[in-house]
Amino acid sequence: MSEAPASTAFTPRVFSGIQPSGGLTLGNYLGALKRFVTMQDEAYQTVYCMVDMHAITVWQDPAKLTAATRELCAGFIASGIDPERSILFNQSQVPEHAQLAWIFNCVARMGWMKRMTQFKDKAGKNAENASLGLFAYPALMAADILVYHATHVPVGEDQKQHLELTRDIATKFNHDYGVDFFPLTEPVIEGAATRVMSLRDGSKKMSKSDPSDMSRINMTDDADTIAAKIRKARTDPDALPSEADGLAERPEARNLVNIYAALADMTVDAVLRDVGGKPFSEFKPMLSELAVSKLSPISAEMARLVAAPDEIDRILSRGAEQARDIARPIVEKTYDIVGMVR
Ligand code: AQP
């Protein structure tokens, strides 16, 4: 079997996306956005996307989808993504994503898709009533990445399985058609908060679509709301340990310490050296103060940008043109490989 090429054979290029399926959360920021920003300064071309086609795999009110897409774009820019240095656009403006996704729907196997835990989580007990799009979501995600021949994808821990599937799709395509065309993309899952958990339940991921607003910190929350959510965050009665091992069976405590470490750019060990032995009644105000100092400038800048939707739309259409310049020849070449007359 012909092996897919090592990603080093391709131009170093980063692709990642976030769904406009609600407001940005602290989980999206620490698990993804913060890393997107630092990758701009490394030796990659960076391509970032509001994945609106992914968002509609579950019902989205049209007016809210439009507003959430613009707000998400504002969140990218306010967090430090520079549209002059990164390509920033929304997925539906680049039809090549859908074109390649169809080819990948024909490459991916039903058995692979049925193993995807995110589908099981999101479809819940009523899988028969889930959309076909939700089931095919990982094939579209593979197309998002491979339509740019992206070599690296910064994501949170929850997306690891989808990245493995992307590599499986690339390998099978290359093998079936006897080519070395798609790279084996590397996930970049780094930092103290690759899986930020709900503030109400340390076993559940912090999510934009969680029905409880108290479960998450939204990037648009004001200082009082952030402080109230942290004050009410679920914890246990014990004081904080002085070493990371002491957090092993304490998911809620571990989550708050991870959030602190990621916001402060410290290791968990360094945080525990400072706060070990303190009760939550002392640690929570420290965490609130840190979160407010880091997030308030971002939310203020988001509010300023959201008030200028024309400017956001201009940035998105320019980004879409730049994205299409990369994606179009890759789809054309894919069609040639598959044998489609064009
Ligand atoms: N809680 C989290 N901790 C760390 N990383 C996270 N990400 C999301 N939640 C966390 C990362 O953010 C990026 C964008 O995610 P997404 O919006 O495309 O989809 P998602 O993972 O399904 O995020 P949500 O907030 O849970 O959205 P909904 O509620 O609509 O499903 C990804 O890199 C993800 O890993």
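Indexing begins at 1, ligand by ligand and atom by atom, following the structure's order.
Nearest protein neighbour of atom 6 (C) of ligand 1, counting heavy atoms only, is G27 O, 3.4 Å. Scanning the protein heavy atoms around atom 29 (O) of ligand 1, the nearest turns out to be S209 OG, 2.3 Å. Ranking the protein heavy atoms by distance from atom 3 (N) of ligand 1 puts V196 N, 2.8 Å first. Of the protein's heavy atoms, Q19 NE2, 3.1 Å lies nearest to atom 19 (O) of ligand 1. Nearest protein heavy-atom neighbour of atom 4 (C) of ligand 1: T194 O, 3.2 Å. Counting only heavy atoms of the protein, atom 13 (C) of ligand 1 lies nearest to A32 CB, 3.7 Å. The single protein non-hydrogen atom nearest to atom 30 (O) of ligand 1 is S21 OG, 2.6 Å, given as residue, atom name and distance.
Between N28 and ligand 1, at least one pair of N/O atoms sits closer than 3.5 Å. Geometrically, ligand 1 and Q118 share no nitrogen or oxygen pair separated by less than 3.5 Å. For M206, a nitrogen or oxygen atom sits less than 3.5 Å from a nitrogen or oxygen atom of ligand 1, counting backbone and side chain alike. Among the atoms of V51, none of the N or O lies under 3.5 angstrom from an N or O of ligand 1. Checked against a 3.5 angstrom limit, the closest N/O atoms of E157 and ligand 1 fall outside it. Taking distance alone, with nitrogen or oxygen atoms compared against 3.5 Å, S207 approaches ligand 1 more closely than that limit. Every N/O-N/O distance between I18 and ligand 1 stays at or above 3.5 Å. Remark: ligand 1 and Y137 share no N or O pair separated by less than 3.5 Å (distance only, no angle test).
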Next item on the list: List the steps and the verdict of side-chain hydrogen bond (donor to acceptor under 3.5 Å, both in side chains) for D221 and N218.
Entry: CA-CA 5 Å; D221 283 344; N218 304 301; 3.2 Å; yes
Quick one, S86 with T46, criterion side-chain hydrogen bond (donor to acceptor under 3.5 Å, both in side chains). Give me CA distance, side-chain angles, the key distance, then yes/no.
CA-CA 5 Å; S86 291; T46 42; 2.7 Å; yes
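In this structure, E321 does not pair ionically with R318, as no charged nitrogen and carboxylate oxygen lie closer than 4.0 Å. Between K34 and D265, at least one side-chain N (NZ, or NE/NH1/NH2) sits under 4.0 Å from a carboxylate O, which counts as a salt bridge. Note on D201 versus K204: no salt bridge recorded, every NZ/NE/NH1/NH2 to OD/OE distance being 4.0 Å or above. Checked for salt-bridge contact, K205 and D121 miss the test: no charged N lies under 4.0 Å from a carboxylate O.
Which parts of ligand 1 touch G156 is read off a 4.0 Å heavy-atom cut-off, strictly below it: atoms 5 (N), 33 (O), 34 (C), 35 (O). Residue G31 approaches ligand 1 through these ligand atoms, each under 4.0 Å from one of its heavy atoms: 4 (C), 5 (N). Close contacts between ligand 1 and R195 involve ligand atoms 3 (N), 4 (C) [criterion: under 4.0 Å to a heavy atom].
Of the options K205, Q60, K208, K160, the smallest heavy-atom separation from atom 20 (P) of ligand 1 is shown by K205. Of the candidates D210, D158, N258, V155, it is D158 that places a heavy atom closest to atom 35 (O) of ligand 1.
Between H152 and F15, the distance separating the two ring centers is not shorter than 6.0 angstrom. Aromatic ring centres of H162 and F119 lie farther apart than the 6.0 Å criterion allows.
Atom CD1 of I81 sits about 12.5 Å away from atom CD1 of I87, to the nearest 0.5 Å.
When all heavy atoms are compared, the tightest approach of K122 to L134 is CB-CD2, 4.0 Å. Scanning all heavy atoms of the two residues, the minimum distance from A244 to V268 falls at CB-CG1, 4.2 Å.
The aromatic rings of F104 and F173 lie perpendicular to each other, with more than 60° between the two planes, well past the 30° mark. Taking the six-membered ring where tryptophan is involved, the planes of Y48 and F36 are essentially parallel, since the angle between them stays under 30° and well short of 60°.
Contact between G17 and ligand 1 is present, with at least one heavy atom of the residue lying under 4.0 Å from the ligand. Heavy atoms of K122 come nearer than 4.0 angstrom to ligand 1 in at least one pair.
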